[in-house]
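To start, the structure itself, in structure tokens.
Both ligands and their constituent atoms are indexed starting at 1 by order of listing.
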Amino acid sequence: MANPNHIAFILDGNGRWATRRGLPRNLGHKQGVKAIEKTLIALCELNIPYASFFAFSTDNWKRSEEEVSGLFNLAEEYFEKGVEFFNKYNIKVDFFGDRTPFSKKLQNIMKNVCDKTAQNTGLHAGFCINYGGREDILQAVNNLVSKGEKNITKDMISSNLYTKDYPNPDLVVRTSGEQRISNFMLWQMAYSELYFPKVLWPDFDKKHLIKSLKVFSKRKRRFGGY
Ligand code: IPE
Ligand code: IPE
Ligand code: MG
């Protein structure tokens, strides 16, 4: 089978990567950002059109203040400095999730990176931050209700999701060996192929990506048919 059009990554295992080395969890997240950057380059080299990265879920607020603020500081730093990198690789950046609880500073940084990369024609990279699959469906429905829509169809929901400009993921890769969805793109994943490599996210690199593509190429998708 041809390469996937959209690969969605559930970045998992940053904490364990750090803990195994006797390091604070936030150093695992820092290393996780490096793995995102390496993966972005590999995705460009392999001509994958769309990728998304589940980086912070609506349930991750349950973590310690220290970890959460560390993650958001990392996001500010990465997306502020990242514009040059994204433009170098012709990557168009998008964000999925509710941005309203974020600092004004981060909101401005996010807007800036989207604006500055909007014309790029290579990889579309969607970062899911404060994202939840149920929340996504709910906000889509609420959007439609507030417009006075009554006979809501599947297409109407799809075109009101945060991910409305992306095709549904063909392949979802969750690292670290955990085999669950953890409230990721529930609507969009209805027929996605799932792959759960054991590698922890900070160690994910081009060879793991190529292995994921190989696994995908052997799957037979049926969508309810034969
Ligand atoms: C994934 O790594 C990154 C986020 C959820 C922010 P984790 O932080 O969940 O790492 P583990 O699962 O504790 O190893
Ligand atoms: C899922 O990972 C969310 C992200 C990768 C952002 P978690 O580590 O939060 O998920 P659970 O708690 O193991 O299900
Ligand atoms: Mg985890």
Checklist entry - Near ligand 2, which protein residues have a heavy atom under 4.0 Å away? => result Ile10, Leu11, Asp12, Phe54, Ala55, Phe56, Ser57, Asn60, Arg63, Arg174, Arg180, Ser182
Checklist outcome for this item: In Leu213, Val173, Thr175, the residue satisfying side-chain contact (heavy atoms from CB on, under 4.5 Å) with Tyr195 is Val173
Next on the checklist: Suppose I only count heavy atoms of His29 and a 4.0 Å limit; which atoms of ligand 1 are within that range?
Outcome noted: 3 (C), 6 (C), 8 (O)
Checklist entry - At distances under 2.8 Å, what protein N, O or S atoms surround the Mg ion (ligand 3)? => result Asp12 OD1
Item to check | Exam field: side chain Asn143 to backbone Ala140, donor-acceptor pair closer than 3.5 Å | outcome: no
Next on the checklist: With side chain to side chain contact (heavy atoms under 4.5 Å, CB included) as the criterion, how do Ser52 and Tyr162 come out once you've worked through the C-alpha distance, each side chain's angles and the decisive distance to 0.1 Å?
Outcome noted: CA-CA 12 Å; Ser52 51; Tyr162 288 122; over 6 Å; no
Next on the checklist: Could you check whether any side-chain heavy atom of Ile7 comes within less than 4.5 Å of a side-chain heavy atom of Leu43, counting everything from C-beta outward?
Outcome noted: yes
Next on the checklist: Closer than 4.0 angstrom, basic N to acidic O: yes or no for Lys92 and Asp94?
Outcome noted: yes
Checklist entry - Any donor-acceptor pair under 3.5 Å linking the side chain of Gln139 with the backbone of Asp136? => result yes
Checklist entry - Looking at side-chain heavy atoms only, is the closest gap between Ser158 and Lys164 below 4.5 Å? => result no
Next on the checklist: Angle between ring planes, Phe95 versus Phe79, binned at 30° and 60°: parallel, tilted or perpendicular?
Outcome noted: perpendicular
Item to check | Flag, side chain of Arg174 to backbone of Asp12, donor-acceptor distance under 3.5 Å | outcome: no
Checklist entry - In a check of ring-ring contact (aromatic ring centres under 6.0 Å, His included) between Phe127 and each of Phe9, Phe56, Phe53, which one passes? => result Phe53
